[in-house]
Number of protein chains: 2
Amino acid sequence: MLSQEDIQFYISILKGVNVIDIYRLFKTAKTKKIRAGEIYIHEGTASTKMGHIKKGLMRAYQLKPNGDEITILLRWESQFIGSYDTIMWQKPSRFIFQALEDTTLTETDYNLVQEMADRNSSIGAYRSIFQVDMLKEATDRIESFVLLSPKERYLKLIHEKPDIVNRVPDKYLSTYLGITPVSLSRIRKRIASEQ
Amino acid sequence: MLSQEDIQFYISILKGVNVIDIYRLFKTAKTKKIRAGEIYIHEGTASTKMGHIKKGLMRAYQLKPNGDEITILLRWESQFIGSYDTIMWQKPSRFIFQALEDTTLTETDYNLVQEMADRNSSIGAYRSIFQVDMLKEATDRIESFVLLSPKERYLKLIHEKPDIVNRVPDKYLSTYLGITPVSLSRIRKRIASEQ
DNA sequence: AGCATTAATTAGCTTTTGTTAATTTTTTTA
DNA sequence: TAAAAAAATTAACAAAAGCTAATTAATGCT
């Protein structure tokens with residue numbers, strides 16, 4: 001079942017799409033709720049489902065042989081989440097996708113979008129929005145890694161997304177920033193002591 | 001003027017495109033040669049040109065206030081190059097795009113692709129190829145930064161692209177890897193001494 | 001509320017990186 | 001091909017990060 005909001009979201013991307021395609025898209029689109037801690041996509045699975053986050057926060061992480069968890073992706077309201085291993089290059093996910101808060105998604109199947117996009121340019125525009133959204137986040141992060149120090153990276157993150165520190169445990173934030181939890185703790189201390 | 005090769009490349013992505021669009025695309029597509037050292041896109045300009053590299057190697061870099069150059073992107077044969085600041089979010093480029101070798105591009109204008117993609121799903125597929133290509137490289141690099149140490153990052157790069165060390169000066173490679181030239185030199189020494 | 005669990009901080013120590021500058025090697029070019 | 005310029009390496013030192021483990025703080029649960 002789709003809410004008024006969902007319908008508005010779809011209408012915004014469906015200009016020029018024919019009625020049959022709209023029907024197919026709506027029929028498969030679901031509002032999905034995932035509780036905090038729950039796994040959305042397991043490692044090794046090849047799910048092409050794709051969620052547009054309405055509320056909540058999710059992460060993708062990898063489990064290292066020694067048991068360490070490395071958070072590779074954080075996504076929140078108005079962003080897309082999905083196994084890009086599967087969606088982009090048709091491979092099983094190397095990552096585990098998990099909700100860190102109770103999360104509400106508008107879920108579609110990327111294969112359907114893909115198939116329709118190949119026939120319908122308005123759906124193609126939707127696919128493009130998804131890809132640009134992923135690209136924006138990705139290039140931004142690369143720039144953080146290349147141009148900034150770990151400390152600057154952390155400051156940039158809390159500047160751009162101030163609520164993140166209250167929503168994501170430091171142990172996840174730190175690996176997301178490419179450093180260890182111990183190191184992040186020291187960075188925070190250094191920042192605090194600088195006044 | 002397009003070569004036989006260029007034409008084949010376009011045909012591969014033009015299934016189902018109408019004749020008028022094909023004509024428009026071919027009319028604007030150019031084979032462009034850039035000599036080593038030459039600037040392709042200057043900082044602050046908003047060019048939507050997009051090159052598909054046939055031969056050669058290019059980089060995007062940023063000039064820091066103190067004069068340091070930071071290489072943020074390296075692109076080579078069969079990859080796309082273009083100001084993603086402009087193409088993706090309609091802003092002037094924060095980076096300088098430069099050929100590191102004599103480079104041959106097949107150049108199109110992204111605005112034309114974009115406009116045609118919004119009407120034509122086959123062109124949309126072409127846009128998608130470009131976006132996925134960018135995404136693949138971007139996510140791969142993020143994973144390098146999050147999961148690997150500088151040394152591992154360097155080893156991964158020379159494993160996946162062995163000729164890069166002979167084609168790109170270390171001072172560019174190092175900042176591309178998020179470290180200083182001095183540090184890369186030490187890493188190389190450490191690797192060599194481990195037998 | 002109290003106990004158990006988990007997260008964050010701190011400490012001590014080692015390794016690596018950044019920085020600056022000097023030296024050596026390589027490349028360019030006149 | 002010799003001189004000049006640029007790149008790479010090395011050195012010395014300070015700053016920061018990784019690692020392991022202990023301690024403290026926060027959170028979750030019955």
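A quick note: this is a predicted structure, and the numbers were derived from the prediction, not measured. Side chains included, hydrogens not; waters and symmetry mates left out as well; all remaining heavy atoms used. Naming convention: chains lettered A, B, ... in sequence-line order (proteins, then strands); numbering from 1 in each chain.
- Of the listed residues (R167(B), E77(B), Q79(B)), just one forms a side chain to side chain contact (heavy atoms under 4.5 Å, CB included) with L57(B), and that residue is R167(B).
- Counting only heavy atoms from C-beta on, K171(B) has its side chain closest to dA6(D) among dA16(D), dA6(D), dT10(D).
- Applying the side chain to side chain contact (heavy atoms under 4.5 Å, CB included) test between Y176(A) and each of L184(A), I72(A), L157(A), V168(A) identifies L157(A) as the sole match.
- Counting side-chain heavy-atom gaps under 4.5 Å among Ile, Leu, Val, Met, Phe, Trp and Tyr, V182(A) is found in no cluster with other residues.
- A donor-acceptor contact closer than 3.5 angstrom is absent between the side chains of S121(A) and R119(B).
- The overall bend of the helix from dA1(C)-dT30(D) to dA30(C)-dT1(D), read as the angle between its terminal helix axes built from five base pairs each, is 60° when rounded to 10 degrees.
- Bracketed by its first and final contacts, the part of DNA chain C lying under 4.0 Å from non-hydrogen atoms of chain A reaches from dA7(C) to dG12(C) in 5' to 3' order.
- Against DNA chain D, the stretch residues 145-170 of chain B makes heavy-atom approaches under 4.0 Å through P169(B), D170(B).
- Shown here are the salt bridge (Lys or Arg N to Asp or Glu O under 4.0 Å) partners of E38(B), two or more places apart in sequence or in another chain: R35(B).
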| task | Sugar-phosphate atoms are those with a prime plus P, OP1 and OP2; base atoms are the rest. Using that split, label each nucleotide of nucleotides 18-23 of chain D B, S or - for protein heavy atoms under 4.0 Å, 5' to 3'. | result | BBB---

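- By the ring-ring contact (aromatic ring centres under 6.0 Å, His included) test, Y172(A) is found to be paired with no residue, residues two or more places apart in sequence or in another chain being considered.
- Here E152(A) pairs with nothing under the salt bridge (Lys or Arg N to Asp or Glu O under 4.0 Å) rule; sequence neighbours left out.
- There is a side-chain donor-acceptor pair under 3.5 Å between S128(B) and Q131(A).
- Side chains of T28(B) and D109(B): a donor-acceptor N/O pair is absent below 3.5 angstrom, by distance only.
- Partners of D133(B) under the salt bridge (Lys or Arg N to Asp or Glu O under 4.0 Å) rule, at least two apart in sequence or in another chain, are R75(B).
- The residue from R59(A), K171(A), Q62(A) that alone fulfils the side chain to side chain donor-acceptor pair (under 3.5 Å) condition with T71(A) is R59(A).
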Using a cut-off of under 3.5 Å, enumerate the N/O to N/O pairs linking the protein to nucleotides 26-29 of chain D.
none

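- Rounding to whole angstrom units, CD1 of residue I187(B) and P of dA8(D) are separated by 14 Å.
- Other members of the cluster containing L63(B) are I39(B), Y61(B), I96(B), with ILVMFWY side chains joined at under 4.5 Å, either directly or via other members.
- Take E143(A) and apply the side-chain hydrogen bond (donor to acceptor under 3.5 Å, both in side chains) test, not counting sequence neighbours, and it matches Y84(B), R94(B).
- Nearest approach of S83(A) to S93(A), heavy atoms of both residues: OG-CB, 3.4 Å.
- For the residue pair Y110(B) / R127(B), no side-chain donor-acceptor distance below 3.5 Å is found, with atom types taken as modelled.
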